[in-house]
Amino acid sequence: MAARHHLIDRSPSAVWAVLEDEDLYGTWVVGTSGSRREQGHWPELGSSIIYSVRLGPKEFTGRTVVRRIERPGALELEAEAGPLGSARIALDIRPWGDKTLVTVDEHPLRGIGGTLHNVLLDSLIQIRHRTMLARLARLTERMTPGETRESGSGVAAADRP
């Protein structure tokens, strides 16, 4: 099991706003180069998006399906990667003072990823999660106004990528 957490300097509703935007999925999820709606209204239960992964000159597509949602505290996804199989990705979003603690837990479910699952694979997933959660934090903090550190008041500019 590969679980990692990150403290984001915004409210759970701000984090949730990023998670609900299917167009931003490819921005914070490591390995994806883009995403688009496939079915339903993201992230409603059963909705899905198609994502792209670029490896050198080749581009592959996968599919992510919402398997469980409890706004604004939990989002569980199944990322399907064709012959490589699928993985469960669970995001736990909880208030932590005036910030948000986000924990991601991922493990292979099916296919070669499940068959070859081991400590080394978990270590690689941990590295991916560290980067992914840092991207989610930067994106959330950039998109959401927050108090400036110097004065303790005032609002930082928020601009969408």
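No hydrogens, no waters, no symmetry mates; every other heavy atom, side chains included, goes into these values.
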Requested in this report: Walk me through it: do D105 and D92 pass the test side-chain contact (heavy atoms from CB on, under 4.5 Å)?
Outcome: CA-CA 8 Å; D105 173 14; D92 180 66; over 6 Å; no
Which is it for I8 and L136 under the side-chain contact (heavy atoms from CB on, under 4.5 Å) test, yes or no, and what are the steps along the way? CA-CA 8 Å; I8 299 179; L136 179 61; 4.1 Å; yes
Check your understanding: Checking salt bridge (Lys or Arg N to Asp or Glu O under 4.0 Å) for the pair E106/R128: CA distance, chi angles, key distance, verdict?
Key -> CA-CA 11 Å; E106 178 176 352; R128 177 176 178 261; 2.8 Å; yes
Carefully, step by step, assess V104 and H129 under the rule side-chain contact (heavy atoms from CB on, under 4.5 Å). CA-CA 7 Å; V104 62; H129 286 173; 3.5 Å; yes
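With salt bridges taken as basic N to acidic carboxylate O contacts below 4.0 Å, none links K99 and E141. Residues E80 and R63 are paired through a salt bridge, judged by an N-O separation under 4.0 Å between the basic side chain and the carboxylate. Salt-bridge formation is detected for the pair E20/R71: a Lys NZ or Arg NE/NH1/NH2 atom is positioned less than 4.0 Å from an Asp or Glu carboxylate oxygen. We find that R37 and E22 are joined by a salt bridge, their nearest charged nitrogen and carboxylate oxygen being less than 4.0 Å apart. Ion pairing between a basic and an acidic side chain is recognised when a charged N comes within 4.0 Å of a carboxylate O; D23 and R36 show no such pairing.
No hydrogens or angles considered: a donor-acceptor pair under 3.5 Å links the side chains of T64 and Y25. S48 and Q39 share no donor-acceptor pair across their side chains, judged by distance under 3.5 Å alone.
Proximity of Y51 to V53: side-chain heavy atoms (C-beta onward) are separated by under 4.5 Å at one or more points. In this structure the side chain of E70 reaches within 4.5 angstrom of the side chain of R68, judged on heavy atoms.
Counting only distance, with no hydrogens or angles, the side chain of R94 and the backbone of V102 share no donor-acceptor pair below 3.5 Å. The main-chain N or O of H107 is never found under 3.5 Å from a side-chain atom of R88 such that the two would form a donor-acceptor pair.
Following chains of ILVMFWY side-chain contacts shorter than 4.5 Å, one cannot reach M143 starting from L7, and the two form parts of different hydrophobic clusters. No continuous path of hydrophobic side-chain contacts links I50 to F60 [ILVMFWY only; heavy atoms under 4.5 Å].
Atom CZ of R67 is surrounded by more than 12 heavy atoms from other residues, nucleotides or ligands within 6.0 Å.
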